[in-house]
Amino acid sequence: LGRAPPSVSVQETGGRNITLVGRRLCWSDALLYCRDFHWDLLSLRDPEEHERIDELVARAPFPLTSHLWVGLRRSILGSSWFWMSGDPMDFSQWDEGSHHSSPCGGVSSVEGSTWRQRSCEEHLNFVCFTGQTEGVKKLHYYSSTRENQIRCT
């Protein structure tokens, strides 16, 4: 249990390090894992960052879920999406079949990194990044069970 999960990383030109984690967790556990061991769940700011995801998926030395958690979250009262890292939502790549019934979003690992809402309870692989964006403050995520680490069923 003390061993680190398998992972694969790539360094971006902007200085961020992106890591695809082999562990499968629900969205909230993935967020807390990334915040404990990296900086945050990944925010995708432009098409070039999508290429990094495709590169990581191609190099993954472990089997992947069909979607990967990233820091996409929908506001509880409304339909607007945002990045938990605090990065601006200047770019999007939603799958046309995504209906936004869940507040958690991921990227496809099989369909060119399109975004799709997923049930927050799904256990998926996820992508973290290290190296915060200058002047951006990540959003607080409150967990009533943080002391015991959230365990989604």
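Just the heavy atoms: all of them, side chains too, but no hydrogens, waters or symmetry mates, feed the values below.
- Under the 3.5 Å distance criterion, the side-chain polar atoms of T19 are left unmatched by any main-chain donor or acceptor of C128.
- Of all heavy-atom pairs between W83 and V70, the closest is CZ3-CG2, 3.9 Å.
- To the nearest 0.5 Å, atoms CG (D46) and CG (D90) are separated by 9.5 Å.
- A side-chain donor-acceptor contact under 3.5 Å links N125 to the backbone of V21.
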Worked verdict on E111 versus R116 for salt bridge (charged side-chain N to carboxylate O under 4.0 Å, His left out): CA-CA 11 Å; E111 297 170 11; R116 182 177 279 262; 5.4 Å; no

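- Annotation: cation-pi pair R73/W27 present, NZ/CZ under 6.0 Å from the ring centroid and within 45° of its normal.
- Residues S43 and D87 have side chains that bring a donor and an acceptor to within less than 3.5 angstrom of each other.
- Scanning all heavy atoms of the two residues, the minimum distance from Q117 to S102 falls at OE1-CB, 2.9 Å.
- Looking at every heavy atom in both residues, R23 comes nearest to P5 through NH2-CD, 3.7 Å.
- How far CZ of F129 is from SG of C34: 9.0 Å, rounded to the nearest 0.5 Å.
- S75 and S80 form a side-chain donor-acceptor contact under 3.5 Å, judged by distance and modelled atom types alone.
- With hydrogens and angles disregarded, a donor-acceptor distance shorter than 3.5 Å links the side chain of R59 to the backbone of S9.
- Across all their heavy atoms, Y33 and L25 have their closest contact at CB-CD1, 4.1 Å.
- In plain terms, the two heavy atoms of A30 and W69 that are nearest each other are CB-CD1, 4.0 Å.
- A continuous path of ILVMFWY side-chain contacts below 4.5 Å connects F91 to V127, so both sit in one hydrophobic cluster.
- In this structure, cysteines C104 and C120 have SG atoms closer than 2.5 angstrom.
- The pair R52-E49 does not meet the salt-bridge criterion, since no charged nitrogen lies less than 4.0 angstrom from a carboxylate oxygen.
- Proximity of a side-chain donor or acceptor of H38 to a complementary backbone N or O of D36 within less than 3.5 Å is not detected.
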Worked verdict on L124 versus R118 for side-chain contact (heavy atoms from CB on, under 4.5 Å): CA-CA 10 Å; L124 302 176; R118 307 296 299 184; 4.3 Å; yes

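- Annotation: side chain of L31 is in contact with side chain of M84 (closest heavy-atom distance under 4.5 Å).
- Interatomic distance, N17 CG to T130 OG1, rounded to the nearest 0.5 Å: 5.5 Å.
- The side chain to side chain contact (heavy atoms under 4.5 Å, CB included) test with R24 singles out one residue from L68, T65, L64, D29, and that residue is T65.
- Counting all heavy atoms, side chain and backbone alike, W115 lies closest to V107 at CD1-CG1, 3.5 Å.
- Note: S28 OG to L41 CG = 10.0 Å, rounded to the nearest 0.5 Å.
- If you look at W94 and W81, their ring centroids are closer than 6.0 Å.
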